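Worksheet for the structure shown next.
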Amino acid sequence: MATNRRVSRVAELIKREVSQMLINGIKDDRVGSGMVSVTDVDVSGDLQHAKIFVSIYGTDEAKVETMAGLKSATGFVRSELGARMRLRRTPEVIFIEDHSIERGSKVLSLLNRLQQERPQEDLPEDKE
């Protein structure tokens, strides 16, 4: 078992390397159909598995295409991670779509709508 510090360092390194691969390395056209960003990486305590959470901005069709492209590129991503990182064993990679940004934007839009619909109360004026 690796220490918590080592697990977090490996997760951060994987996040950085996969982000670089999304910009330059993955040539699959499906990955470019939606704007993709790596939001988080969860590495198991034995450094054998890595869940890579990605946020995809675009239409629902673009999200489905992008996830299909990422799932088909897992072998390439794992081999590239093995070449770029110095680990005894390269972790198994799993891409998971992260919906937290969408949920956050929905909550913000609901709050903004409530604030606009709420009747404006008259504030007491300062009396001199």
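Everything numeric in this text was worked out from a predicted model, so none of it was measured.
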Return the set of residues passing side chain to side chain donor-acceptor pair (under 3.5 Å) with Thr39 (not counting sequence neighbours), or none when no residue passes. Asp98

Tracing side-chain links under 4.5 Å among I, L, V, M, F, W and Y, which residues wind up in one group with Ile96? Phe53, Ile94

Are Ile56 and Val64 linked, directly or through intermediate hydrophobic residues, by side-chain heavy-atom contacts shorter than 4.5 Å (ILVMFWY only)? no

For Arg103, check side chain to side chain contact (heavy atoms under 4.5 Å, CB included) against everything at least two apart and list the hits. His99, Ser100

In chain order, what residues pass the side chain to side chain contact (heavy atoms under 4.5 Å, CB included) check against Leu81, with sequence neighbours excluded? Ile14, Glu17, Val18, Met21, Val77, Met85, Thr90, Val93

Could you tell me which residues satisfy side chain to side chain contact (heavy atoms under 4.5 Å, CB included) with Arg88, sequence neighbours excluded, listed by chain and number? none

Derivation and outcome, side-chain contact (heavy atoms from CB on, under 4.5 Å), residues Asn112 and Gln115: CA-CA 5 Å; Asn112 287 336; Gln115 185 178 13; 4.2 Å; yes

I'd like to know if Glu12 pairs up with Arg16 as an ion pair, taking the criterion as any Lys NZ or Arg NE/NH1/NH2 lying under 4.0 Å from an Asp or Glu carboxylate oxygen. no

Sorted by chain and residue number, the side chain to side chain contact (heavy atoms under 4.5 Å, CB included) partners of Thr74 (sequence neighbours excluded) come out as Phe95

Pairing residues for Arg86 by the salt bridge (Lys or Arg N to Asp or Glu O under 4.0 Å) criterion, not counting sequence neighbours: none

Pairs in or reaching into residues 73-82: which pass salt bridge (Lys or Arg N to Asp or Glu O under 4.0 Å), with residues at least two apart or in two chains? Arg78-Glu92, Glu80-Arg84

Mind checking the CG-OG spacing from Leu13 to Ser8? Nearest 0.5 Å is all I need. 11.5 Å

Sorted by chain and residue number, the side chain to side chain donor-acceptor pair (under 3.5 Å) partners of Ser44 (sequence neighbours excluded) come out as Asp46

Roughly how far apart are Asp42 CG and Lys15 NZ, rounded to 0.5 Å? 12.0 Å

Distance, nearest 0.5 Å, that separates CG of Leu110 from OG of Ser105: 9.5 Å

